[in-house]
Protein chains: 2
Amino acid sequence: MDTDVLRRAPLFASLDDEAFSALTEEITEVDLSRGSALFYEGDPGDQLYFIISGKIKLGRTASDGRENLVAIMGPGEIFGEMALFDPSPRSTSATAVSETRLAGLKHENLRKVITRSPEVSAQLLQALARRLRRTNENLADLVFSDVPGRVAKALLDLADRFGRPATDGILVAHELTQEELAQLVGASRETVNKALAEFVQRGWIRLEARAVVILDLQRLKQRSR
Amino acid sequence: MDTDVLRRAPLFASLDDEAFSALTEEITEVDLSRGSALFYEGDPGDQLYFIISGKIKLGRTASDGRENLVAIMGPGEIFGEMALFDPSPRSTSATAVSETRLAGLKHENLRKVITRSPEVSAQLLQALARRLRRTNENLADLVFSDVPGRVAKALLDLADRFGRPATDGILVAHELTQEELAQLVGASRETVNKALAEFVQRGWIRLEARAVVILDLQRLKQRSR
DNA sequence: GACGGTCTGTGATCAGCGTAACGCACGGTC
DNA sequence: GACCGTGCGTTACGCTGATCACAGACCGTC
């Protein structure tokens, strides 16, 4: 498989060639089509995944079937590493949002590398610290902001990570249905739809199939606070 | 200062005496009375803290002054370590909930220890992973559960961490005002008060000054789901 | 072109919970 | 004892957003 992409990941940047090839020797490549699940909440897990291309949603399901998305992960990002340090079953499920290619690494192999290379643990610590920061922020938003505010915030976040400049604004090909967007911001599909409709009507965004174009970044930012 | 308590902390358990004494040489002892702040959101921070006794609340303040508590930390726990890996200003404020004694360690000193001892980074990774798991859970609860459910959950969590058996149940001396409890579960003081009153009326709990006694653990658990 | 799935758009209803506005109990200070 | 600050208990009211219930749009498949 193509290890070049992995080589360029910050997590492995500090490794010497020997350690890197030892690590990548036992890599599994996984391809997923939209909607297919990689693992479920409660599964045992001994792998972590690096996203080569595509997007993965991490979510939790309540006993009554309602779902809540914890994060959307994109190319170059890593997930499923928590069980490495805290050996418990998967705390979320992972499902492909679009055609997705992953590289799976056994925890065991990474653990060996960690003991030898403090730089790798530093990278992992940083990644976890950032995730924790983000999650705390989301928690606060859920308390402080109303649904339109959270939708605005989510769009801005997605734009930041997946946006590309277009002729009349920023194209955000998030690949999410409105239902998924609703699960991400912790609201009902209907309310999210109404919020989006309002933004469109104000000329802040334009809707496309599983994508939005942000036309007025400033206004949207104001609404998100 | 008394380094025995620190010695017993899992984070430092793996250190040899030399490394440990190097680390503790530059320790600062901090005493706080209820309500006094250790640091604020946005402050630069180059220390992490170990709680010797007492409790600390970590919170965020919205622009309009409303507050939201991210966590209550108790004896033996560590906080303020995130800036170690992800050098940004403090993402929360830290305030004493009761008389509290802390040991402050400079990030710089801990960083030195980390590079030498992979066990310490493993401990830190585990602590962060657990925190992230907990926070994700709280996030889901905020979406899925109503206020009484969240209050029940918070009480159970506090009981788990600070509860002591009493004659007629579990005494949870959480030291929080109802206002603070409300900020912790993301609700208004009034609604939390109503929820508590209902639990009392059903005979599930008994209220005391900044404490509760859990009388019917089973029912409370059921309500929390 | 007819059918069935999935997704989007929108209105009507209803309840959970925030807000506002009280009164009361307690403890500390002069 | 008089005073004040802080925390608790409880009410009435209104609004945000979930739920329900559709209708249309856009697929792919037969």
Side-chain angles (χ1 to χ4, degrees), chain A residues 33-36 57 62 64-68 95-98 140-155 173-202 205-213 223, chain B residues 33-36 57 62 64-68 95-98 140-152 154-155 173-202 205-212 223:
Chain A
S33 57
R34 166 164 175 85
S36 47
K57 59 176 177 180
D64 61 357
R66 280 182 302 165
E67 224 173 303
N68 168 32
T95 310
V97 167
S98 56
D141 288 340
L142 215 46
V143 175
F144 294 141
S145 310
D146 60 0
V147 175
R150 268 139 55 200
V151 170
K153 203 146 196 163
L155 291 180
H174 53 65
E175 316 252 28
L176 302 171
T177 65
Q178 292 188 357
E179 177 72 51
E180 288 167 328
L181 194 55
Q183 291 167 351
L184 186 60
V185 302
S188 73
R189 206 255 316 158
E190 292 87 335
T191 322
V192 168
N193 180 289
K194 278 163 200 166
L196 288 172
E198 195 201 305
F199 294 167
V200 169
Q201 199 243 318
R202 286 175 191 269
I205 62 171
R206 188 155 46 78
L207 292 182
E208 299 193 0
R210 274 171 205 172
V212 293
V213 179
R223 186 56 178 88
Chain B
S33 57
R34 166 166 175 84
S36 47
K57 59 174 177 181
D64 61 358
R66 278 181 303 165
E67 223 173 303
N68 169 30
T95 310
V97 166
S98 57
D141 288 340
L142 215 45
V143 175
F144 294 141
S145 312
D146 59 0
V147 176
R150 268 139 55 199
V151 171
L155 291 180
H174 52 64
E175 317 253 27
L176 302 171
T177 65
Q178 291 188 356
E179 176 73 50
E180 288 167 328
L181 193 55
Q183 292 165 351
L184 186 60
V185 303
S188 73
R189 207 252 317 155
E190 291 86 339
T191 318
V192 169
N193 180 287
K194 256 181 247 173
L196 288 173
E198 195 201 304
F199 293 167
V200 168
Q201 199 242 316
R202 286 176 192 268
I205 61 170
R206 188 155 45 79
L207 292 182
E208 298 192 0
R210 276 173 204 167
V212 293
R223 183 64 243 255

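Proteins come first, then strands; the chains are lettered A, B, ... in the order of their sequence lines, and each starts at number 1. Values in this document were obtained by computation on a predicted structure and should not be read as measured data.
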Atom-pair distance ([atom1] on [X]; [atom2] on [N]), nearest Å:
{"X": "A/Arg66", "N": "D/dG17", "atom1": "CZ", "atom2": "P", "value": "16 Å"}
{"X": "A/Arg34", "N": "C/dG5", "atom1": "CZ", "atom2": "P", "value": "18 Å"}
{"X": "A/Glu180", "N": "C/dT8", "atom1": "CD", "atom2": "C1'", "value": "14 Å"}
{"X": "B/Glu190", "N": "C/dC22", "atom1": "CD", "atom2": "C1'", "value": "11 Å"}
{"X": "A/Gln201", "N": "C/dT10", "atom1": "CD", "atom2": "C1'", "value": "14 Å"}
{"X": "A/Leu142", "N": "D/dG17", "atom1": "CG", "atom2": "C1'", "value": "13 Å"}
{"X": "B/Glu198", "N": "D/dT11", "atom1": "CD", "atom2": "P", "value": "14 Å"}
{"X": "B/Leu196", "N": "D/dG9", "atom1": "CG", "atom2": "P", "value": "8 Å"}

Classify the nucleic acid contact of [X] as base, sugar-phosphate or nothing, counting any heavy atom under 4.0 Å across all strands shown.
{"X": "A/Ala209", "value": "nothing"}
{"X": "B/Asp146", "value": "sugar-phosphate"}
{"X": "A/Thr177", "value": "sugar-phosphate"}

*When you check the phosphate oxygens OP1 and OP2 of D/dG9, does a side-chain N or O of B/Asn193 lie under 4.0 Å from one of them?*
yes

*Examine D/dG9: is either OP1 or OP2 under 4.0 Å from a nitrogen or oxygen in the side chain of B/Gln178? Give yes or no.*
yes

Could you check whether any side-chain heavy atom of [X] comes within less than 4.5 Å of a side-chain heavy atom of [Y], counting everything from C-beta outward?
{"X": "A/Leu155", "Y": "A/Leu196", "value": "yes"}
{"X": "B/Thr95", "Y": "B/Glu67", "value": "no"}
{"X": "B/Val200", "Y": "B/Arg206", "value": "no"}

*asked:* Closer than 4.0 angstrom, basic N to acidic O: yes or no for B/Lys194 and B/Glu198?
replied: no

*How do B/Leu176 and A/Ser188 order along DNA chain D: which one's closest nucleotide is nearer the 5' end?*
B/Leu176

*Could you check A/Lys194 against B/Ala197 and say which one's nearest nucleotide on DNA chain D is further toward the 5' end?*
B/Ala197

_Any side-chain to backbone donor/acceptor pair from B/Arg210 onto B/Thr177? Under 3.5 Å, distance only._
no

_When you measure only distances, ignoring hydrogens and angles, does the side chain of B/Arg189 come within 3.5 Å of the base of D/dG9 through a donor and an acceptor?_
yes

